[in-house]
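Each ligand, and each atom within it, is numbered from 1 in the order the structure gives.
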Amino acid sequence: MRTNQQSLRIALFAPRGRMGQAIARAVADDDGFAIADDHGDVLIDFSAPEALRASLDRAVSAGVPLLVGTTGLDEGHDSLIAEAAKIVPVLKAPNTSLGVALLTDLVERAARVLDGSGWDVEIVEAHHAKKADAPSGTALHLGAAIERGRGEDAKEEVGRYGTGLQRETGSIGYAAVRGGTVAGDHEVMFLGRDERLILSHRAETRTIFARGALAAARFLHGKPPGLYTMRDVIDAA
Ligand SMILES: NC(=O)C1=CN([C@@H]2O[C@H](COP(=O)(O)OP(=O)(O)OC[C@H]3O[C@@H](n4cnc5c(N)ncnc54)[C@H](OP(=O)(O)O)[C@@H]3O)[C@@H](O)[C@H]2O)C=CC1
Ligand SMILES: O=C(O)C1=N[C@H](C(=O)O)C[C@H](O)C1
């Protein structure tokens, strides 16, 4: 393990997972970080929804910031996160890629500009065969950006199969492709009359999520308690 006085010490909640290992490799490649054997300066959790309460408890009892990268979280989990964020800084990011953080901004703006002019929105994502949740956390996060852009909630249309499935005006459709080793593709399709606007992101390897997680950890260190997002990270860069 490489350490120096300036290294930010990263504690991994789930070190054996694919993302835990990817973050450990990113730390090994960067003198600015070290893996902590104890509580560390920042705790990073990429695990599973059922583990969230334990990672929040660990961050709060150690008094350290927490990055939550886990997806498949529901409103109950969001409430737990909001409670913990009153005590320590918490950054919830269903995608820690800096490219997706920017894509989210672009999608919100596109939805705002195209709102009211008859554009349908469909989100298509592709991931590796071992992914547990669908639609991906990122797809739902991009859907939320569309709702913010439009200024209203949208009905979700997921998993079409059968007949009589004409799409409802204003809804957001989600399609999930699973297979192989795909690190993570997201495509937001704005489908208009005689034209299509497609905004997309391709993760070529998991390393981008790991590097983004370290950028988020660096951002969180020394911040006051509160709830943060990757937008805060790119805005601060
Ligand atoms: N925000 C982002 O940019 C990204 C988010 N993700 C998300 O991160 C999460 C993890 O993904 P990935 O690393 O691929 O998954 P893996 O299945 O490879 O790893 C999951 C890890 O979580 C641990 N775990 C599972 N359940 C519990 C529990 N109840 N208590 C403690 N630890 C637990 C597992 O422990 P054990 O080894 O003991 O089984 C394992 O180490 C997923 O939700 C995924 O969608 C993934 C990539 C990027
Ligand atoms: O499980 C994954 O692998 C990924 N999960 C995240 C998600 O659900 O959006 C982020 C990334 O796409 C990879």
Side-chain angles (χ1 to χ4, degrees), residues 10-27 35 42-59 65-74 76-78 80-81 90-104 107 123-146 156 158 172 174-188 199-220 227-234:
I10 301 295
L12 290 172
F13 179 76
R16 288 187 300 273
R18 283 179 290 272
M19 276 307 299
Q21 293 180 48
I23 294 167
R25 286 192 296 273
V27 165
I35 295 293
V42 178
L43 177 63
I44 296 184
D45 174 14
F46 286 72
S47 60
E50 54 273 24
L52 179 71
R53 193 182 286 271
S55 72
L56 292 170
D57 286 351
R58 183 166 151 187
L66 173 66
L67 166 62
V68 179
T70 304
T71 59
L73 303 179
D74 61 22
H77 296 113
D78 286 343
L80 294 175
I81 288 173
V90 181
L91 193 152
K92 180 192 166 200
N95 195 309
T96 48
S97 135
L98 300 181
V100 165
L102 181 55
L103 173 68
T104 307
V107 163
I123 303 177
V124 183
E125 51 99 343
H127 283 87
H128 54 94
K130 296 195 183 308
K131 183 159 178 60
D133 54 313
S136 69
T138 308
L140 295 169
H141 175 71
L142 292 167
I146 290 158
E156 295 174 352
V158 185
I172 301 175
Y174 294 88
V177 176
R178 293 288 177 269
T181 56
V182 182
D185 292 352
H186 291 90
E187 198 154 282
V188 182
L199 300 175
S200 66
H201 179 268
R202 303 268 180 275
E204 294 175 0
T205 73
R206 214 165 259 124
T207 311
I208 63 160
F209 307 127
R211 282 200 222 107
L214 295 184
R218 174 76 66 200
F219 166 86
L220 276 175
L227 189 52
Y228 299 91
T229 68
M230 287 304 289
R231 176 177 279 191
D232 297 313
V233 177
I234 58 169

*Intermediate values then yes/no, side chain to side chain contact (heavy atoms under 4.5 Å, CB included), Leu66 and Val68*: CA-CA 6 Å; Leu66 173 66; Val68 179; 3.6 Å; yes
*asked:* Under 4.0 Å, counting heavy atoms only: does Ala54 come that close to any atom of ligand 1?
replied: no
*For the side chain to side chain contact (heavy atoms under 4.5 Å, CB included) test, which of Val90, Leu67, Leu220 pairs with Tyr228?*
Leu220
*Which of the atoms of ligand 2 are close to Gly137, meaning less than 4.0 Å from one of its heavy atoms?*
7 (C), 8 (O), 9 (O)
*asked:* Please find the pair of heavy atoms, one from Met19 and one from Ala210, that lie closest to each other, and give the distance.
replied: CE-N, 3.8 Å
*Find all atoms of ligand 2 within a distance of less than 4.0 Å from any non-hydrogen atom belonging to Thr71, and give their numbers and elements.*
6 (C), 7 (C), 8 (O)
*For Thr138, is at least one N or O under 3.5 Å away from an N or O on ligand 2?*
yes
_Could you identify the single nearest non-hydrogen protein atom to atom 43 (O) of ligand 1 and state the distance to 0.1 Å?_
Thr71 N, 3.0 Å
*Closest heavy-atom contact between Val107 and Val188?*
CG2-CG2, 3.9 Å
*State, without any angle test, whether Ser136 and His186 hold a side-chain donor-acceptor pair at a distance under 3.5 Å.*
yes
_Using a 3.5 Å cut-off on N or O atoms only, is Ala93 in polar contact with ligand 1?_
yes
_Polar contacts were defined as any N/O atom of the residue lying under 3.5 Å from an N/O atom of the ligand; does this apply to Gly20 and ligand 1?_
no
*Considering heavy atoms of the protein only, find what lies nearest to atom 13 (O) of ligand 1 and give residue, atom and distance to 0.1 Å.*
Met19 N, 2.8 Å
_Short N or O distance, Pro94 and ligand 1, threshold 3.5 Å exclusive_ = yes
_Just checking Arg202: does its CZ atom have more than 12 heavy atoms from other residues, nucleotides or ligands closer to it than 6.0 angstrom?_
yes
*Where does Thr138 meet ligand 1, judged by heavy-atom distances below 4.0 Å: at the side chain, the backbone, both, or neither?*
neither
_Option nearest atom 3 (O) of ligand 2 (shortest heavy-atom distance, choices His128, His201, Lys131)_ = His128
*List the steps, then state whether side chain to side chain contact (heavy atoms under 4.5 Å, CB included) holds for Ile123 with Ile146.*
CA-CA 11 Å; Ile123 303 177; Ile146 290 158; 4.0 Å; yes
*Give the residue, atom name and distance (to 0.1 Å) of the protein heavy atom nearest atom 17 (O) of ligand 1.*
Arg18 NH2, 3.5 Å
_Atom pair NE2/CZ of His128 and Arg18 - distance to nearest 0.5 Å_ = 5.0 Å
_As an exercise, state the distance from NE2 of His77 to CZ of Arg53, rounded to the nearest 0.5 Å._
8.5 Å
_Arg25 vs Thr207, test: side chain to side chain contact (heavy atoms under 4.5 Å, CB included). Steps then yes/no._
CA-CA 8 Å; Arg25 286 192 296 273; Thr207 311; 5.9 Å; no
*Would you find a donor on one side and an acceptor on the other, under 3.5 Å apart, between the side chain of Asp185 and the backbone of Glu187?*
no
_Students should be able to answer this: which protein heavy-atom is nearest to atom 8 (O) of ligand 1, and at what distance?_
Phe46 CD2, 3.6 Å
*Mind listing the closest non-hydrogen atom pair of Ala139 and Glu125 along with its distance?*
CB-CG, 4.0 Å
_Among all the protein's non-hydrogen atoms, which is closest to atom 41 (O) of ligand 1, and how far away is it?_
Gly17 N, 3.0 Å
_Protein residue, atom and distance nearest to atom 10 (C) of ligand 2, heavy-atom basis_ = Pro94 O, 3.3 Å
*Heteroatom proximity flag, Thr70 to ligand 1, N/O under 3.5 Å*: no
_Any non-hydrogen protein atom less than 4.0 Å away from atom 34 (C) of ligand 1_ = no
*What is the minimum heavy-atom distance between Lys92 and Leu73, and which atoms define it?*
CE-CD1, 4.1 Å
*Protein heavy atom at shortest distance from atom 12 (O) of ligand 2*: His127 NE2, 2.5 Å
*Going by the atom numbers of ligand 1, which of them fall below 4.0 Å from some non-hydrogen atom of Asp133?*
45 (O)
*Would you call Lys131 a ligand 1 contact, heavy-atom distance under 4.0 Å?*
yes
*Which ligand 2 atoms does Ser136 reach within 4.0 Å, using its non-hydrogen atoms?*
7 (C), 8 (O), 9 (O)
_Atoms of ligand 1, numbered as shown, that sit under 4.0 Å from any heavy atom of Glu50_ = 29 (N)
*asked:* My question is simple, although I want it checked carefully: is atom 6 (N) of ligand 1 less than 4.0 angstrom from any protein heavy atom?
replied: yes
*Distance-only N or O hit between ligand 2 and Phe209, under 3.5 Å*: no
*asked:* Are Asn95 and His141 packed together at the side-chain level, in the sense that at least one heavy-atom pair is separated by less than 4.5 angstrom?
replied: no
_Minimum heavy-atom distance between Ile234 and Leu102, given as atom pair plus value_ = CD1-N, 3.9 Å
*Report, in ascending order of atom number, the atoms of ligand 1 lying under 4.0 Å from any heavy atom of Phe209.*
3 (O), 48 (C)
_Intermediate values then yes/no, side chain to side chain contact (heavy atoms under 4.5 Å, CB included), Leu91 and Val233_ = CA-CA 10 Å; Leu91 193 152; Val233 177; 3.6 Å; yes
*Looking only at heavy atoms, what is the nearest atom pair of Ala203 and Ile208, with distance?*
CB-CD1, 3.5 Å
_Distance-only N or O hit between ligand 1 and Thr96, under 3.5 Å_ = yes
_Gly69 N/O under 3.5 Å from ligand 1 N/O_ = yes
_Ser97-ligand 1 polar pair, N/O distance under 3.5 Å_ = no
*Any heavy atom of His186 sitting closer than 4.0 Å to ligand 2?*
yes
*asked:* Is any side-chain heavy atom of Val182 closer than 4.5 Å to one of Lys131?
replied: no
*asked:* I need the atoms of ligand 1 closer than 4.0 Å to a non-hydrogen atom of Ala48, numbered in the order shown.
replied: 25 (C), 26 (N)
*Tell me, which protein residue and heavy-atom name are nearest atom 10 (C) of ligand 1, and how many Å apart are they?*
Ser47 O, 3.3 Å
*Mark the output for Gly72 as yes if a heavy-atom distance to ligand 1 is under 4.0 Å, and as no if none is.*
no
*With a 4.0 Å cut-off, strictly under, does atom 38 (O) of ligand 1 pick up any protein heavy atom?*
yes
*Against heavy atoms of Ala183, which atoms of ligand 2 measure under 4.0 Å?*
13 (C)
_Heavy atom of the protein closest to atom 28 (C) of ligand 1 (residue, atom name, distance)_ = Ala51 CB, 3.4 Å
*Distance (rounded to the nearest 0.5 Å) between Ser47 OG and Leu12 CG*: 11.0 Å
*Do me a favour and list the nearest non-hydrogen protein atom to atom 21 (C) of ligand 1 with residue, atom name and distance?*
Ala14 CB, 3.7 Å
_Minimum side-chain heavy-atom gap Thr70-Leu52 below 4.5 Å_ = no
